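In this text the structure is predicted, and so the values were computed from the model without any measurement. In what follows, residues are counted from 1 in the order of the sequence shown.
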Amino acid sequence: MHKLSMDELNRISKEDFERVEKLPIIIILDNIRSLSNVGAFFRSADAFRIGELVLCGITACPPHREIHKTALGADETVRWRYYESTEAACQALKSEGYRIFAVEQVEGSVPLQDFKFEPQTACILGNEVEGVSEEALPYCEGAIELPQAGTKHSINVSVCAGIVMWRVFEMLYLKIK
């Protein structure tokens, strides 16, 4: 066994990444406080060809040194836009035909493994302390929950996002390859 080199990994260039088709999924960052978490969102979105990130409220935007440090350049490849509020983002996405789902522990949430991702889906991931804001929940058609079996009630939001993005990638990208 040997560790694969960058050439052996056969990754596409930044220029090619701009041209390739992305998954028709949007990830909404609802008031994410940590710049490291924001960078991790970008890095995972790049890895799994997520269509776009929507940054809302207090979520920091590129260019920013701390975001770039964690994103390892994905802040330069992943498409993103910013809204002053998550509510404004949800209104805009609804008008574009997106169905919005919270990734949150709420009554009636669907376990991630049972959720069927379809094109034009947007997922909201919430603040590290408060979760998805109460103001954003009315825009959601439902909620997705990550089953857990430990003693804590949640996991880090960027880790959660990575798991959700992997599931989207598995369902929509790997299925068609």
Side-chain angles (χ1 to χ4, degrees), residues 21-34 36-61 78-177:
E21 187 175 351
K22 312 297 185 302
L23 295 176
I25 301 294
I26 288 179
I27 302 294
I28 304 169
L29 286 67
D30 179 16
N31 292 296
I32 303 300
R33 298 177 314 163
S34 165
S36 295
N37 281 338
V38 174
F41 272 90
F42 273 94
R43 193 164 168 192
S44 294
D46 178 282
F48 300 125
R49 287 195 190 172
I50 299 300
E52 184 177 9
L53 295 179
V54 173
L55 288 59
C56 304
I58 66 167
T59 306
C61 298
V78 173
R79 195 168 87 217
W80 64 273
R81 56 181 142 159
Y82 173 79
Y83 289 89
E84 287 190 20
S85 72
T86 306
E87 299 82 16
C90 289
Q91 290 169 359
L93 292 172
K94 286 249 184 215
S95 73
E96 295 171 23
Y98 280 87
R99 299 176 66 214
I100 301 173
F101 295 86
V103 179
E104 187 60 88
Q105 299 168 332
V106 296
E107 184 178 3
S109 61
V110 176
L112 178 62
Q113 71 272 16
D114 296 336
F115 187 80
K116 304 297 180 219
F117 284 95
E118 297 176 3
Q120 296 291 104
T121 298
C123 295
I124 304 175
L125 287 107
N127 176 276
E128 292 90 339
V129 175
E130 303 296 325
V132 174
S133 63
E134 291 288 337
E135 296 79 18
L137 289 176
Y139 293 96
C140 299
E141 293 186 29
I144 305 163
E145 185 173 343
L146 274 66
Q148 299 168 50
T151 62
K152 300 299 177 194
H153 73 282
S154 67
I155 58 175
N156 174 278
V157 66
S158 65
V159 173
C160 179
I163 294 168
V164 170
M165 289 186 227
W166 160 252
R167 182 68 175 144
V168 168
F169 183 76
E170 179 184 44
M171 289 185 75
L172 299 181
Y173 182 81
L174 294 179
K175 175 179 101 172
I176 60 174
K177 277 200 104 159

Exercise. Any donor-acceptor pair under 3.5 Å linking the side chain of E104 with the backbone of G131?
Worked result: no
Closest heavy-atom pair, F41 versus M165, reported as atoms and distance to 0.1 Å, is O-CE, 3.8 Å
Which of parallel (below 30°), tilted (30 to 60°) and perpendicular (above 60°) describes F115 and F101?
perpendicular
If we ignore hydrogens and angles and just use 3.5 Å, is the side chain of Q120 paired with the main-chain N or O of E96 as donor and acceptor?
yes
Separation between OG (S85) and CD (Q91), nearest 0.5 Å, reads 7.0 Å
Those residues at least two apart in sequence (or on a different chain) that pass salt bridge (charged side-chain N to carboxylate O under 4.0 Å, His left out) with R99 are E118, E141
Audit row: K22, V78, side chain to side chain contact (heavy atoms under 4.5 Å, CB included) steps and yes/no
CA-CA 10 Å; K22 312 297 185 302; V78 173; over 6 Å; no
dist L174:CG -> W166:CH2 (nearest 0.5 Å) comes out at 5.0 Å
_Any non-hydrogen side-chain atom of I163 less than 4.5 Å from a side-chain atom of I155?_
yes
S44 and G162 have their tightest heavy-atom pair at OG-CA, 4.1 Å
In a table with atom names and distances, give each donor-acceptor pair under 3.5 Å that connects a side chain of residues 24-32 to protein atoms at least two apart or in another chain.
| from | atom 1 | to | atom 2 | distance (Å) |
| --- | --- | --- | --- | --- |
| D30 | OD1 | T86 | OG1 | 2.6 |
| D30 | OD2 | S133 | N | 2.7 |
| D30 | OD2 | S133 | OG | 3.1 |
| N31 | OD1 | I58 | N | 2.9 |

The single option from N37, V38, L53 that satisfies side chain to side chain contact (heavy atoms under 4.5 Å, CB included) with T59 is V38
Sequence neighbours excluded, the answer for salt bridge (charged side-chain N to carboxylate O under 4.0 Å, His left out) partners of E52 is R79, R81
Measure the shortest side-chain to side-chain distance between F117 and V164 over non-hydrogen atoms and say whether it is less than 4.5 angstrom. yes
V103 and L146: side chain to side chain contact (heavy atoms under 4.5 Å, CB included), yes or no, with the steps? CA-CA 8 Å; V103 179; L146 274 66; 4.1 Å; yes
Item checked: Any side-chain donor near an acceptor of the partner, Y139 and E87, under 3.5 Å -> no
Nearest heavy-atom contact between Y82 and C61 is CD1-SG, 3.4 Å
Please determine whether side chain to side chain contact (heavy atoms under 4.5 Å, CB included) holds for the pair L55 and F42, giving the CA-CA distance in whole Å, both sets of side-chain angles, and the decisive distance to 0.1 Å. CA-CA 11 Å; L55 288 59; F42 273 94; 4.2 Å; yes
* Ignoring hydrogens and angles, tell me if any N or O in the side chain of R167 forms a donor-acceptor pair with the backbone of Q113 under 3.5 Å. => yes
### Verdict with reasoning, I124 to I100, per side chain to side chain contact (heavy atoms under 4.5 Å, CB included)
CA-CA 7 Å; I124 304 175; I100 301 173; 3.7 Å; yes
- prompt: Do N156 and S34 come within less than 4.5 Å of each other through their side chains, counting heavy atoms only?
  reply: no
